[in-house]
Amino acid sequence: MIGVIARHEGLRLLRSSQTWIIAALLTGLFGFLFLKHLESFLDLQTQLAAQDHPVGLSGFMSIRYLEPLALVFTVLAPLFAMRSFSAEYRHQTFALWQSSPVSTAALVIGKFLGVMGVLLLLVLSAVAMLLVMTIFINIDINLLLSATLGLSLCTALSAACGLYFSTLTRQSLIAIVASLALLLFSWMLGSANFSNLPLQSLADLSIANHLRGFFQGYLLIRDVAFFMLMTGLFLGLGIIKLDSLKQTGN
Amino acid sequence: MRSSRLHTVLSVLLVCITLALGWLIQRAEHGFDLTANARNSLSDTSKSVLRAIKTPVDIIAVIGPDQQQREAISTLISRLQKIKPDIALQFINPETDPAAARELNVTSGGELILRTAGRERRITHLSERSISSSLRYLNREQDRLIAFLTGHDERSPTQTSNQDWSTAANRLNAIGLVSRELSLVSEPHIDASIDLVVIAAPRRAYFPGEVASLNSYLNAGGNLLWLSEGSSNTDSGPGLQLLADNLGVDTLPGVVIDTNSQTLAADSPDFVMLDRFPSHPVTRTLSSPLVLPQASALAVTPLAGQTTLPLLQTPQSSWTEAGVLSGAISFDDNTNEVAGPLLLGVTIERQTLTGTQRIAVIGDADFGASQFIDNGGNQYFIEALMLWLTGEFDALEFATQPAKDSTLVLTNNAIVILSATYLAGLPAILLLIAGLVRWRRSR
């Protein structure tokens, strides 16, 4: 059942020309950023090779090119996810789902997976630009996998957040603004300097702090756990919310 | 409405459980270094330094509340702690606790203080390399003693004029190599506690007794650095021919002129700049060129019982110039001028009963003078040379794994194809698909 819903959601996105236009713009952006940082690598490569624990092309591009893209995807994912439910509310198609034997959990997870499928394609297109360089040089595949995992987990969290907020309101605009506000707030917590120790644990809630390790090739259990827990939290909250709507009537 | 309250409770419960689980997991420090050249792990040098220290180490980090800096320090120290658990890290914030910072006498800008077994070392620049070499220094039982001979107008480690080596001596002090002056007239017998004797370009003759002292020091296996400017076999020289014969190294008359140096830096024709070095542990990690003002060349006779290695060498475009330095100068074949490649520095190693004796002869003393020490890689070279001569060459080894993807060569064609594909080709294809999808929908 989840698979059917996921496929339905994914195809809905793929059949919209908006998705492809956004993809075209993003690919252009990724390409531009990639080439810009590639050029600076070519200028800096001798200096970089002379340092301790030298960073090669993979490491350099992972930090300079892929890490900032995480912010792009964090903003993008709720945009894709918001149409899932808000649109359904507006077009009154939600009633169809309510009367069907589909469980709320399957509905939410299915939609999430569908949206993630399309988003992962975009993530892969960004990473592929770096992967193609393996024609010219020995790319550090493990590092690339780590960076891809980081991007994917971050995108998943943002998509789940967007999905949850879209279950809360019919107006997709409010859903977007609210989810973006929360995500960007979490991002900014990462660069805050708290001199008070109790407030410092707020930094543990920051997305940016938990992303750093992935792009440096240092896979920390707690970073992976953070993203999986928070994604699970938003999906869970979304399921609870939808369930309550189902029971109290729309 | 009971179900809506149930749902609110469920939501709150879910949030609490997630936060609790999250808080628990944040304590876990376990991670995997996935980089191909182990960038997120300690180098083998650091690991061996840590294993060699038998006493507990205390590290006090006196820095402001900048979270990124603190995290960088914590991460690095936690990697050290995995190898050596009895390292204790403590943070002191000079802004919230100025009394403690003042008590420790900390300079502004933050410091890392490392202590073990009653010795202390401070670092202002945080890096694995600086921590590793500081720990290595701390583990050494005592400082190394360097004695500069005095009494013949040599370069002094204590006087602060431009030609003296006081700046060099201060910087060597910071890495545990302590310098002092030594007069062979008042101390004819060189004490066994001295690790290195330096003859820094004397301009007046040595007494025969002093030369005899030096010779017996050498024969007993003492380490020596001889900075020799001007020929050693002239009558007006310092009279160290006995020493020269002992080592098999003579200094040639004349100033070394290198036309290759003049293309690198046109300051003065009699300055030599070397950016390529023969294979030698001292210059292995030297990455900047050396500047040697008014150097002399050496003539080496290989002797049995010692290993002589070239340390500094000029290319073929050089020669020793005996004439006046004005107007057009060139190599004059029929004089005592010698054509390049010329040796400007050699090292000699001899195996003795007590270990290895290390000697270096260099045809210049100005490269370490306060006036020129900050040129190019001069300071790095002096530190490396002194460390090698005093038997601390382990300290020269800080090697990290190179990255396999460090050098990228892209042909122009490749760049054009990549740019075209990424900036135009791919977006165009995607826009086409967008159009296709819209067309199919409208049908």
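Here the structure is a predicted model, which means the values were calculated and not measured. A note on names: the letters A, B, ... follow the listed sequences, proteins ahead of strands, and every chain is numbered from 1.
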- Query: Can you say whether A:Leu35 sits under 4.5 Å from chain B via the side chain, the backbone, both, or neither, judging by heavy atoms?
  - Reply: side chain

- Task: Report the option among A:Arg15, A:Arg222, A:Met230 that has the most heavy-atom pairs separated by less than 4.5 Å from atoms of chain B.
- Result: A:Arg222

- Which residues, numbered in order, of residues 127-134 of chain A come under 4.5 angstrom of chain B by heavy-atom distance? A:Ala128, A:Met129, A:Val132, A:Met133

- Message: Tell me the closest heavy-atom pair linking A:Ala126 and A:Tyr65, and the distance in Å.
- Response: O-OH, 2.9 Å

- Query: Non-hydrogen atoms of chain B under 4.5 Å away: do they reach the side chain of A:Leu205, the backbone, both or neither?
  - Reply: side chain

- Message: Taking every non-hydrogen pair under 4.5 Å, which of B:Ser419, B:Gly22, B:Ala414 racks up the most with chain A?
- Response: B:Ser419

- Atom of B:Gly377, atom of B:Leu286 and distance for their closest heavy-atom approach: O-CD1, 3.7 Å

- Message: I need the minimum non-hydrogen distance between A:Asp140 and B:Ala36, along with the two atoms involved.
- Response: OD2-N, 2.7 Å

- Message: So, taking the atom named CG in B:Asp405 and the one named CE in A:Met61, what distance separates them when rounded to the nearest 0.5 Å?
- Response: 11.0 Å

- Less than 4.0 Å between a side-chain N and a carboxylate O, is that true for A:Lys36 and A:Glu39? no

- Item | Atom group of B:Ala428 that falls short of 4.5 Å from chain A, counting heavy atoms | neither

- Note on the structure: Of the listed B:Leu426, B:Leu431, B:Leu19, B:Leu410, the one with the largest count of heavy-atom pairs under 4.5 Å with chain A is B:Leu410

- Message: Heavy-atom pairs under 4.5 Å with chain B: which of A:Ile21, A:Asp243, A:Val224 has the most?
- Response: A:Asp243

- Query: With a 4.5 angstrom heavy-atom cut-off, which part of B:Gln26 approaches chain A: side chain, backbone, both or neither?
  - Reply: both

- Task: Taking the side chain as every heavy atom from C-beta outward, state whether B:Leu418 and A:Phe136 have any atom pair closer than 4.5 Å.
- Result: yes

- In terms of heavy-atom pairs under 4.5 Å with chain B, which of A:Ile137, A:Leu143, A:Leu14 leads? A:Ile137

- Non-hydrogen atoms of chain A under 4.5 Å away: do they reach the side chain of B:Arg70, the backbone, both or neither? neither

- Query: At a heavy-atom separation under 4.5 Å, does A:Phe41 approach chain B through its side chain, its backbone, both, or neither?
  - Reply: side chain

Please list, one pair per line, the donor and acceptor atoms closer than 3.5 Å that link side chains of residues 46-54 of chain A to other protein atoms, with sequence neighbours excluded.
unit_1: A:Asp52; atom_1: OD1; unit_2: B:Arg129; atom_2: NE; d: 3.3
unit_1: A:Asp52; atom_1: OD1; unit_2: B:Arg129; atom_2: NH2; d: 2.7
unit_1: A:Asp52; atom_1: OD2; unit_2: B:Arg129; atom_2: NE; d: 2.9
unit_1: A:His53; atom_1: NE2; unit_2: B:Glu128; atom_2: OE1; d: 2.6

- Message: Does any backbone or side-chain atom of B:Ile429 lie under 4.5 Å from a heavy atom of chain A? Answer side chain, backbone, both or neither.
- Response: neither

- With chain B, which of A:Ser146, A:Gly236, A:Ser58 has the greatest number of heavy-atom pairs at distances under 4.5 Å? A:Ser58

- Flag side-chain contact, heavy atom, 4.5 Å: A:Leu153 against A:Leu149: yes

- Tell me, side chain or backbone of B:Arg441 under 4.5 Å from chain A's heavy atoms, or both, or neither? side chain

- Item | Ring center gap for A:Phe226 and A:His210 short of 6.0 angstrom | yes

- Message: Testing the basics here: between A:Ser17 and B:Arg438, what is the closest heavy-atom pair and its distance to 0.1 Å?
- Response: OG-NH2, 3.3 Å

- Task: Give the member of B:Gly435, B:Ser43, B:Ala403, B:Ser406 that has the highest number of heavy-atom pairs under 4.5 Å with chain A.
- Result: B:Ser406

- Give, for atom CD1 of B:Ile59 and atom CD1 of B:Ile131, the distance between the pair rounded to the nearest 0.5 Å. 5.5 Å

- Message: Ignoring hydrogens, what is the shortest heavy-atom contact between B:Asn37 and B:Gln401? Give both atom names and the distance.
- Response: ND2-O, 3.3 Å

- Query: For chain B, which of A:Leu29, A:Leu219, A:Asn142, A:Leu25 has the most heavy-atom pairs under 4.5 Å?
  - Reply: A:Leu219

- Item | Portion of A:Val55 that has a non-hydrogen atom of chain B nearer than 4.5 angstrom | both

- Message: Please classify the contact between A:Phe60 and chain B as side chain, backbone, both or neither, with a heavy-atom cut-off of under 4.5 Å.
- Response: neither

- Query: So which part of B:Ser41 gets closer than 4.5 Å to some heavy atom of chain A, the side chain, the backbone, both or neither?
  - Reply: backbone

- Under 4.5 Å, counting heavy-atom pairs only, tell me which of B:Ile17, B:Leu408, B:Ile25, B:Leu430 racks up the most with chain A. B:Leu408

